[in-house]
Amino acid sequence: MLSKKVLDAINEQINKELFSAYLYLSMAAWAEAHNLPGFAHWMKAQFKEETAHALKFFDFVADRGGTVILKAIDQPEVEFKSATELFEKTLAHEKYVTSLIHNLYALAVKENDYPTQVLLQWYISEQVEEEKNATYIVDTLKALGEKGQALVMMDHELGKRG
Ligand code: OFO
């Protein structure tokens, strides 16, 4: 059985994961509108991943006999200055999510909730990947620049994401 504190914190995190999904879908919409189908593809894949993150928490709450309470999802940003800014904001957002996951883990430790600690270890590793991927793309975009062929090449690369 989950303690009320842990249950409330996981419910909050489900909201944050769904917001992440919404943010990346908004970035996909921006990319589509700016004729960057590869960027849009990458962001849509990210949208699906975040939805899966939310569902993983959802199923865990159910497995532990808790009830998921869904809250309103904030409106994400819709305007971005450039393709590079899209990924700078992705990286900043992932660093924020990492801090939330770490806070949640600290709470699970404080509450002696071992199953939640085990679950969160998956998210902790996942955040390392998320930050690594976004950092690589930001650095590459900065190195190549956003003009002509470089942007087309990057769009092609991002469109290969499985
Ligand atoms: Fe982008 O990360 Fe979820 O947790």
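Counting convention: from 1, in listed order, for ligands and their atoms alike. The structure displayed is predicted, hence computed values, not measured ones.
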Presence of salt bridge, Glu32 and Lys44, under 4.0 angstrom: yes
Using 4.0 Å as the upper bound for N to carboxylate O, is an ion pair formed by Lys89 and Glu94?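 Salt bridge flag = no for Lys89 with Glu94.
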Would you say Glu111's side chain and Ser3's backbone share a donor-acceptor pair under 3.5 angstrom?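 Not a single qualifying donor-acceptor pair exists.
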Between Gln121 and Tyr105, is any side-chain donor less than 3.5 angstrom from a side-chain acceptor?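 Per modelled atom types, Gln121 and Tyr105 side chains form a pair under 3.5 Å.
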Starting from the N and O atoms of ligand 1, collect every protein N/O partner closer than 3.5 Å and put each pair on its own line with the distance to 0.1 Å.
from: ligand 1; atom 1: 2 (O); to: Glu50; atom 2: OE1; distance (Å): 3.2
from: ligand 1; atom 1: 2 (O); to: Glu50; atom 2: OE2; distance (Å): 3.1
from: ligand 1; atom 1: 2 (O); to: His53; atom 2: ND1; distance (Å): 3.3
from: ligand 1; atom 1: 2 (O); to: Glu94; atom 2: OE1; distance (Å): 3.2
from: ligand 1; atom 1: 2 (O); to: Gln127; atom 2: OE1; distance (Å): 2.8
from: ligand 1; atom 1: 2 (O); to: Glu130; atom 2: OE2; distance (Å): 3.0
from: ligand 1; atom 1: 4 (O); to: Glu17; atom 2: OE1; distance (Å): 2.9
from: ligand 1; atom 1: 4 (O); to: Glu17; atom 2: OE2; distance (Å): 2.7
from: ligand 1; atom 1: 4 (O); to: His53; atom 2: ND1; distance (Å): 3.1
from: ligand 1; atom 1: 4 (O); to: Gln127; atom 2: OE1; distance (Å): 3.2

Partners meeting side chain to side chain contact (heavy atoms under 4.5 Å, CB included) with Leu7 (sequence neighbours left out): Leu2, Asn11, Val61
So does Phe80 have more than 12 non-hydrogen atoms from other groups sitting under 6.0 Å from CZ?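 Result for CZ/Phe80: enclosed.
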